[in-house]
Each structure stands twice: as structure tokens, then as C-alpha cells.
J.: 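Dropping the structure in here first, questions after.
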Amino acid sequence: MEVEAAIAAHAPAGFPVRNRIFARSINGVVTNFIWNLYLDHLFLIITQIGTVGTVISARQDSTFDGRTTFTTAVVLGKREDPGLELASRQLVEVIGAAGHNKPITLCLGLKGTSPALVKELVAAVREDNVWS
Amino acid sequence: MDRLGDLADGLPGGREAADEPGPQPAALAPSCSPRVSPSARQRNFSITTHDAVLHFQILDLGRQYFVWVSAVGPKLGNLTLAIKSPADAAPSVASLLPGAPAVGEGPAMAQRLAMKLGKPVICSCNMPPNAPLLQAVAERRLIQELQLMEQEAQGATGQPAGGEAVAAPPAALTAGGSG
């Protein structure tokens, strides 16, 4: 099936970077999820607008009581946008929960950031990712 | 998450108890959005020169490109955005990795690619220092593949590229005149 072929890994056998591309139709908008996993970094682009949109950097910290959390910072684009902050925090949390502990560059090119959209993004990232 | 904390405040154990695993929160609900065919296209390939193996990634997002090239393995050592601005003939460059300044060959290559394509380019260039020939081979191959992908994209949508002069097809003549 066409869609399954599109979801399949795009890298030729032996290509050193793990790359997956998925897409969902969220409220009728095609939303691309492009995953690139390097040895030292995860580069994830989620876009509805054909560009990287807002670029967010996330680094893992250890808290004093032994837990790990991520700190996020906007590198390029809208700062202090609560919808984007919510989206990036939750997405980074899901990625951390999957066991990833290297730096993350998360790009969000979204047409809006409603809580409903964020919920769909988080679920999509949990279900289809570079480790699944 | 904050709401959970607020609720837990009134319970024995307080906020600490909110950290214990409890009933599945709404955040773990499955997605109800159908999977569709992606509109972004990525090409990954490697070439072997007599010096080194070069790995390439080219991602066409539609209105921007991401390009990764490495002769030193699967690392993302730097990340530079080159984007045209009305203020300058040359595209402006900015590093997208905190703590990694926009130095080295990456920014210059990002600029050249952005000028050639007429679209913003995010570029990660991971080459050994003092290897200008290898750098040139990599850049030439990138430009070839990028132009090919741009042509394919134009063919699919029928729209002209941003940076290269394309002769506009003659307007169709209609009997009634244009409205």
C-alpha cells in the first residue's frame, strides 16, 4: 500500500543515520513528522507549513533527587508562546520516556497550537517514531 | 500536570503523591488522526571517494531544505540556517545549535546553497578540517541532487523555483477577454 511504503524507512541499507518519515492528517491538515537520529543528537521536524517553523533546543538535566528532566529553549522563532511551550515540553517528555537522553532539536512548523492538536502530536510521536 | 498537583494538594501525601503512577492520564490516549502519505521528501545516500566515504541527507520540506553531509560518521556537529533577507544580497546565516557558533565551512556552504536554490537552507556540514577538495566534491554533489529534487518538485506542482529564472508559459488566449 502507498501509505505503508511512505512510512517505511527511507534510508538505504547500511546508511548510518536512522531516518523515518511519517504523516498524519490532523483536523484535515497534513502533518509531517521527520525523524533523524544521529549518534549525538535527535533532530525531529513536525511541520504543516513546509518550513521548520520554530526551532527549539532541548537538553537533558539531572535534578538533585536523581530524576532527569529536559530544559527547552527557543533558538529561532516565537518565544514565550504558551501553546508552543506546552507542545515542546510534552513532546520532549514523550521522547525522554522512550529512553532518549541525547540533545534534541525539535522544529515545530504548525498552523496553531490548540491543546487538541498538541494531544494528537504527542500521541503520534508516541506511536510512530524512530525507535518503533 | 499542574492540575494533578493541585488536586493532590488536598489529599494525604500532598503533591508528592501525585508523582506515583495512577490511572492513565489523558496524555496517553491513542491518536485518532489517520496516517497519510507524507508531503516532505528525504533522500539519503553515500558516495565513496578515494579519500573517504561521504554520507548525504537531503530533506525537501516544501518551502525549505535541510541538508546534512558528513565524512566523519553519523553526527550532527553543527546546524546552520541560511535565509535571504531584504537587507543583504547574500543570505544571512545563524547557528541553530546553542553553544555552537556559526563558524567553519557549514555557514558558507549554507549560504551558497540558499542562493542557488532561492529557498532557505538548514545545513549540517561535518567534514574534516583542511580538506578543501573533499569539501568541494561534497558541495558539488549536493547541488546536483538539490537541483534534481527541485526540478522534480516543480514538475509535481507546476510552479517555478524561487531563485532561478524560468520562462513563463504564454497565457492562454480566451475569446471573451480576461475578467
Side-chain angles (χ1 to χ4, degrees), chain A residues 2-7 9-12 14-19 21-27 29-34 36-43 45 47-52 55 57 59 67 73 75-76 89-90 93-94 103 105 107 109 118-128, chain B residues 1-2 16 19 25-46 53-66 68-81 83 94-100 119-122 124 126 153 157:
Chain A
E2 233 177 64
V3 171
E4 265 133 31
I7 290 173
H10 287 240
F15 194 77
V17 179
R18 219 189 292 187
N19 160 233
I21 303 186
F22 307 102
R24 300 261 183 166
S25 175
I26 303 181
N27 294 326
V29 180
V30 174
T31 311
N32 292 288
F33 297 76
I34 301 123
N36 278 298
L37 182 63
Y38 304 89
L39 279 183
D40 56 345
H41 210 103
L42 171 66
F43 188 38
I45 302 173
T47 182
Q48 299 176 324
I49 58 177
T51 71
V52 291
V55 179
S57 169
R59 296 250 179 308
R67 286 178 297 145
V75 175
L76 184 82
R89 288 221 64 84
Q90 291 200 2
E93 218 157 306
V94 170
T105 297
C107 302
V118 173
K119 201 161 80 95
E120 283 301 305
L121 294 180
V122 166
V125 157
R126 190 182 300 112
E127 289 171 19
D128 298 321
Chain B
M1 308 298 170
D2 282 345
E16 288 73 55
D19 284 338
L28 290 182
S31 165
C32 25
S33 303
R35 293 182 176 92
V36 296
S37 217
S39 56
R41 302 174 299 144
Q42 179 157 340
R43 197 167 288 174
N44 303 310
F45 58 97
S46 309
V53 179
L54 289 173
H55 303 291
F56 298 85
Q57 290 185 305
I58 301 177
L59 167 62
D60 177 8
L61 292 172
R63 292 163 52 200
Q64 289 180 346
Y65 276 92
F66 164 66
W68 174 84
V69 58
S70 177
V72 297
K75 301 207 195 115
L76 192 81
N78 52 74
L79 199 59
T80 311
L81 166 71
I83 184 164
S95 169
L96 299 181
L97 286 186
K119 285 181 181 175
V121 173
I122 294 124
S124 178
N126 304 274
T157 62

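In what follows, chains carry the letters A, B, and so on, assigned in the order in which the sequence lines appear, proteins first and then strands, with residues in each chain numbered from 1. Worth knowing before you read on, the calculation uses all heavy atoms, side chains too, and leaves out hydrogens, waters and symmetry mates.
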J.: Which region of F43(A), side chain (C-beta onward) or backbone (N, CA, C, O), has a non-hydrogen atom less than 4.5 Å from a non-hydrogen atom of chain B, or is it both or neither?
T.: side chain

J.: If we define contacts as heavy-atom pairs under 4.5 Å, which of A94(B), S46(B), S70(B), S39(B) has the most with chain A?
T.: S39(B)

J.: In terms of heavy-atom proximity below 4.5 Å to chain B, should L76(A) be classed as side chain, backbone, both, or neither?
T.: side chain

J.: Under 4.5 Å heavy-atom distance to chain B, tell me which part of I45(A) shows up: side chain, backbone, both or neither.
T.: side chain

J.: Given that the side chain runs from C-beta out, which part of V118(A) has a heavy atom under 4.5 Å from chain B: side chain, backbone, both or neither?
T.: neither

J.: What part of Y65(B) gets closer than 4.5 Å to chain A, counting heavy atoms only: side chain, backbone, both or neither?
T.: neither

J.: Report which part of I26(A) has an atom under 4.5 Å of a heavy atom belonging to chain B: side chain, backbone, both, or neither.
T.: both

J.: For each of G109(A), P16(A), S57(A), tally heavy-atom pairs with chain B at distances under 4.5 Å, and name the one with the top tally.
T.: P16(A)

J.: Please check if any side-chain donor atom of N126(B) sits under 3.5 Å from a side-chain acceptor atom of S124(B), or the reverse.
T.: yes

J.: Any side-chain donor-acceptor pair under 3.5 Å between N78(B) and S95(B)?
T.: no

J.: Show your working on side chain to side chain donor-acceptor pair (under 3.5 Å) between Q42(B) and N36(A) and close with a plain yes or no.
T.: CA-CA 10 Å; Q42(B) 179 157 340; N36(A) 278 298; 3.2 Å; yes

J.: Based on non-hydrogen pairs under 4.5 Å, which of G77(B), G73(B), P74(B), P120(B) is most in contact with chain A?
T.: P74(B)

J.: Please rank P34(B), G62(B), P30(B) by heavy-atom pairs under 4.5 Å with chain A and give me the top one.
T.: P34(B)

J.: Does any heavy atom of chain B fall under 4.5 Å from the side chain of T51(A), the backbone, both, or neither of them?
T.: both

J.: Taking all heavy atoms of P103(A) and all of R59(A), pick out the closest pair and write down the distance.
T.: CB-NH1, 3.4 Å

J.: Can you confirm whether the side chains of E120(A) and S33(B) place a donor and an acceptor under 3.5 Å from each other?
T.: yes

J.: Pick from V94(A), L39(A), D40(A), T47(A): which one has the most heavy-atom pairs with chain B under 4.5 Å?
T.: D40(A)

J.: Determine the interplanar angle of the H55(B) and W68(B) rings, folded into 0 to 90°, and report it as parallel if under 30°, tilted if 30 to 60°, perpendicular if over 60°.
T.: parallel

J.: Taking all heavy atoms of A23(A) and all of P38(B), pick out the closest pair and write down the distance.
T.: CB-CA, 3.4 Å

J.: Would you find a donor on one side and an acceptor on the other, under 3.5 Å apart, between the side chain of T31(A) and the backbone of V29(A)?
T.: yes

